[in-house]
Structures are given as C-alpha cells and as structure tokens.
Asks: 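Below is the structure I would like to discuss, written out as structure tokens.
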Amino acid sequence: MTPYDLRDPDIRRRRFRPIPVRMLVPNVITLLAICAGLTSIRLSIEGRMSLAVYAIVFAAALDGIDGRIARMIKGQSKFGAELDSLADFVNFGVAPGLMLYFWQLHELGNAGWIAAMVFAISMCLRLARFNATLDDPNKPAFAANFFTGVPAPAGAITVMLPIYAVFLDVGRWPAALTAAYTLLIAFLMVSRLPVFSGKSMRMRVPPELVLPAFVAVIVFIALLIAYPWHVLSIGTVLYLLALPLGYKSYRDQARAMEAAAPSGGEVSSPPSAPTLANLSEPPHDDDRPGRLH
C-alpha cells in the first residue's frame with residue numbers, strides 16, 4: 001500500500017474502524033495469564049515457590065476460560081489465537097522449566113539446565129504441532145475428542161509434582177530423579193500419545209443436577225484452596241494413570257471405524273500425529289476467524 005492509497009477515505013475507514021469490546025475481552029484474559037506466568041518466574045527466583053505454583057495454576061485457569069469466553073461472546077480472532085499460543089509457551093513451558101531449575105535442577109549444573117530447556121522446547125514444539133494440524137481435513141471425526149500428546153496446561157501442572165511432594169512433607173526427590181521426571185513429561189508432550197480432551201463434547205446437565213453441579217464445583221475450589229498440595233498431587237497422579245485409558249479409547253474407536261467401513265472400500269488409518277516433515281506445510285483452507293484489525 002502506497003502513501004497515495006492511504007489518502008483514500010474508504011481505505012482509511014476500513015483500516016482504522018472501531019474494534020468491538022467483545023473482541024478485546026478474551027485477549028485481556030490471555031494477557032492476565034501471561035502476567036501470572038511471568039510473575040511465577042519472579043517468585044521462583046525469590047524463593048517463594050508456593051506462590052509461584054499458585055500463579056501457574058491461576059494462569060492455567062485463565063487459559064481454560066479465555067477460549068470459551070471468546071466462543072461464547074463471538075470474540076474469536078486470529079490475533080487471539082496467536083496470542084494464546086505465545087501465552088501457553090511462556091506460562092506452561094518457560095515458567096515451569098525455570099521454576100524447576102531455580103528450585104532444584106541447578107544442583108546438576110549443565111545437566112539440570114538442559115532438562116529445563118528441553119521441557120520448554122518440547123512445549124514450543126507441541127504448540128506448533130497443534131496449530132499446524134488445527135484444520136487437518138484428514139482427521140477422523142472422533143479424533144476431535146483427543147489431543148496429540150499431553151496438552152500445555154496439563155504438562156505444566158504435572159511437571160511440578162516434585163515441588164508438591166516437598167510441600168506435602170513426603171520427601172525431597174533427588175535432583176537426578178527430578179530431571180528424569182521433567183524429561184519424561186517433555187517426552188509425553190511431544191509424543192503421539194492420544195490424550196482425551198473432552199473439549200468437543202457437548203455436555204448437558206439435567207435440570208435436577210444443576211444445583212448439585214454448582215455445589216460440586218464450589219467444593220472442589222474450596223478443597224483446592226484449603227488443601228492445594230493434596231489436590232494437585234492426587235490430580236497429577238490420577239491424570240498420569242489415566243493416560244493409557246485415553247490411548248485405549250482412541251484405538252477402540254479407530255478399530256470400530258475400520259470395522260464399520262465397507263468391506264471393498266479403501267480405509268485410511270486415522271492419523272495419530274503428523275511428522276516433523278509435514279509440519280512446515282501451510283495449513284489448507286484455514287477457516288479460523290479473521291485477524292483482529
């Protein structure tokens with residue numbers, strides 16, 4: 001666009017038209033999550049690990065609602081999608097990795113730094129793969145209920161299990177074990193393991209269960225506030241133990257789809273995850289909402 005074109009009042013009107021408030025609300029929530037993630041890094045440097053963990057949990061809670069609020073008020077945009085990915089990398093990749101390094105991994109010297117760095121890089125690769133396959137037309141319908149690899153917030157919550165153990169007074173893990181556990185979670189994030197998401201499920205609550213559902217949510221929040229380390233530790237262990245169930249469910253649905261296909265027709269096996277070779281290919285028919293102008 002040349003300076004001469006900018007003199008056209010129609011072009012200026014399109015370029016600088018007002019932005020609806022509903023387009024800003026989800027992005028403000030995402031920015032608050034980034035503030036929480038960056039604050040967790042500062043708190044971990046200062047040695048206030050409990051507050052640092054709270055900040056990561058708060059960032060995960062904001063990450064869970066910003067997208068839903070955007071869909072609810074129709075405030076989705078490409079700008080918001082890109083900002084959310086950057087926020088996830090900072091909050092759930094960089095921040096937990098640095099927290100673990102400042103807390104214990106520094107005792108291993110370069111090996112501890114490598115473990116923290118591999119975790120952050122794995123989070124970056126996992127997010128890039130998610131964005132690259134967001135609109136994959138070859139993905140079977142049931143695959144929408146699964147993530148490929150452990151998702152970003154879950155990876156951040158689970159990798160901090162050694163910290164939870166210290167606050168529960170069950171003992172401090174050896175630094176080498178903490179590094180090995182960090183690398184394990186990093187591997188699970190970039191693996192092809194199908195992990196149940198539940199995002200695409202249209203869950204409806206019967207009218208008679210609405211009030212009990214509210215009570216259950218309040219009880220969970222109260223338990224998280226009163227017994228944070230117990231809730232986080234139990235939740236982490238149960239999540240890790242449930243990973244094989246997600247894989248089994250995916251394989252069962254894949255076999256059921258193959259069995260239901262016509263006997264003489266070609267059946268394409270459902271892709272579990274892309275390879276690094278096709279991650280560089282641009283996504284086709286990108287139908288995500290337009291960029292925030």
Side-chain angles (χ1 to χ4, degrees), residues 33 36-64 88 90-109 111-120 122-123 149-189 193 195-196 198 215-246:
L38 294 175
T39 301
S40 71
I41 297 176
R42 173 190 173 183
L43 293 171
S44 63
I45 294 175
E46 296 174 351
R48 296 186 284 177
M49 295 305 302
S50 60
L51 293 179
V53 173
Y54 295 156
I56 294 295
V57 174
F58 181 62
L62 293 178
D63 179 75
D88 287 351
V90 172
N91 299 338
F92 310 129
V94 176
L98 290 178
M99 286 172 57
L100 288 169
Y101 180 77
F102 293 137
W103 176 68
Q104 188 185 39
L105 293 181
H106 67 274
E107 299 174 5
L108 299 176
W113 174 246
I114 290 174
M117 187 168 53
V118 167
F119 177 82
S122 298
M123 183 66 70
V150 172
I157 297 298
T158 56
V159 80
M160 294 187 294
L161 181 60
I163 300 178
Y164 309 154
V166 170
F167 286 110
L168 285 175
D169 295 327
V170 298
R172 186 183 180 92
W173 293 17
L177 180 60
T178 301
Y181 178 75
T182 302
L183 294 175
L184 172 63
I185 300 300
F187 170 77
L188 291 176
M189 290 192 301
L193 179 68
V195 179
F196 183 73
V215 173
V217 172
I218 292 174
V219 169
F220 174 77
I221 295 176
L223 288 174
L224 183 60
I225 294 175
Y227 306 100
W229 312 119
H230 295 80
V231 173
L232 291 172
S233 298
I234 294 174
T236 296
V237 173
L238 292 179
Y239 183 83
L240 294 176
L241 293 177
L243 291 179
L245 298 179

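Just so you know, these numbers use all the heavy atoms, side chains as well, and skip hydrogens, waters and symmetry mates. Here the structure is a predicted model, which means the values were calculated and not measured.
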Asks: Going from CH2 on W103 to OG on S44, what distance comes out if it is rounded to the nearest 0.5 angstrom?
Replies: 12.5 Å
Asks: Answer yes or no: does atom OH of Y239 have more than 12 heavy-atom neighbours from other residues, nucleotides or ligands under 6.0 Å?
Replies: yes
Asks: Would you name the heavy atoms of L240 and P244 that are closest together and state the gap between them?
Replies: O-CD, 3.8 Å
Asks: Could you go through the side chain to side chain contact (heavy atoms under 4.5 Å, CB included) check for D88 and M123 one step at a time?
Replies: CA-CA 8 Å; D88 287 351; M123 183 66 70; 5.8 Å; no
Asks: Does F167 have any ring pair (Phe, Tyr, Trp, His ring centres under 6.0 Å) partners at least two apart in sequence or in another chain, and if so, which?
Replies: W229
Asks: So L43 and V53, do their side chains get closer than 4.5 Å, heavy atoms only?
Replies: no
Asks: Test of understanding: with side chain to side chain contact (heavy atoms under 4.5 Å, CB included), list the residues that count as partners of V219, not counting sequence neighbours.
Replies: V215, L223
Asks: Could you give me the CA-CA distance, side-chain angles and deciding distance for I114 and L183, then say whether side chain to side chain contact (heavy atoms under 4.5 Å, CB included) is met?
Replies: CA-CA 9 Å; I114 290 174; L183 294 175; 5.9 Å; no
Asks: What do the steps show when you test D63 against F92 for side chain to side chain contact (heavy atoms under 4.5 Å, CB included), and what is the final call?
Replies: CA-CA 10 Å; D63 179 75; F92 310 129; 3.9 Å; yes
Asks: Please check if the number of heavy atoms outside F187 that lie under 6.0 Å from its CZ is greater than 12.
Replies: no
Asks: At their closest point, which heavy atom of P174 faces which heavy atom of Q104, and how far apart are they?
Replies: C-NE2, 3.8 Å
Asks: Supply the atom-to-atom distance M189 CE to L184 CG, rounded to the nearest 0.5 angstrom.
Replies: 10.5 Å
Asks: Tell me every residue that passes salt bridge (Lys or Arg N to Asp or Glu O under 4.0 Å) with E107, counting only those two or more places apart in sequence or in another chain.
Replies: R172
Asks: Within this structure, what is the CG-OH distance for the pair L232 and Y227, rounded to the nearest 0.5 Å?
Replies: 14.5 Å
Asks: Excluding sequence neighbours, so at least two apart, what forms side chain to side chain contact (heavy atoms under 4.5 Å, CB included) with V94?
Replies: I41, F89, L98
Asks: Which pairs pass salt bridge (Lys or Arg N to Asp or Glu O under 4.0 Å) with one or both residues in residues 176-189, sequence neighbours excluded?
Replies: none
Asks: Checking H106 now: which residues fulfil side chain to side chain contact (heavy atoms under 4.5 Å, CB included) with it, not counting sequence neighbours?
Replies: Y101
Asks: With sequence neighbours excluded, what pairs up with V237 under the side chain to side chain contact (heavy atoms under 4.5 Å, CB included) test?
Replies: L241
Asks: As an exercise, state the distance from CG of L224 to OH of Y54, rounded to the nearest 0.5 Å.
Replies: 8.5 Å
Asks: Looking at every non-hydrogen atom in both residues, tell me the closest pair between F58 and A36 and how far apart they are.
Replies: CD2-CB, 3.9 Å
Asks: Can you name the ring pair (Phe, Tyr, Trp, His ring centres under 6.0 Å) partners of W173, sequence neighbours left out?
Replies: Y181
Asks: Table please: side-chain donor-acceptor pairs of residues 150-161 below 3.5 Å, with sequence neighbours left out.
Replies:
residue : atom : partner : partner atom : Å
T158    : OG1  : A154    : O            : 2.8
T158    : OG1  : G155    : O            : 3.2

Asks: Say you draw a straight line from OG1 of T182 to CG of L105; how long is it, rounded to the nearest 0.5 Å?
Replies: 5.0 Å
Asks: From M49 CE over to S40 OG, what is the distance, rounded to the nearest 0.5 angstrom?
Replies: 8.5 Å
Asks: For a quick test of reading the model, state the closest non-hydrogen atom pair linking I56 to A95 and the distance between them.
Replies: CD1-CB, 3.7 Å
Asks: Shortest non-hydrogen contact from L108 to A179?
Replies: CD1-CB, 3.7 Å
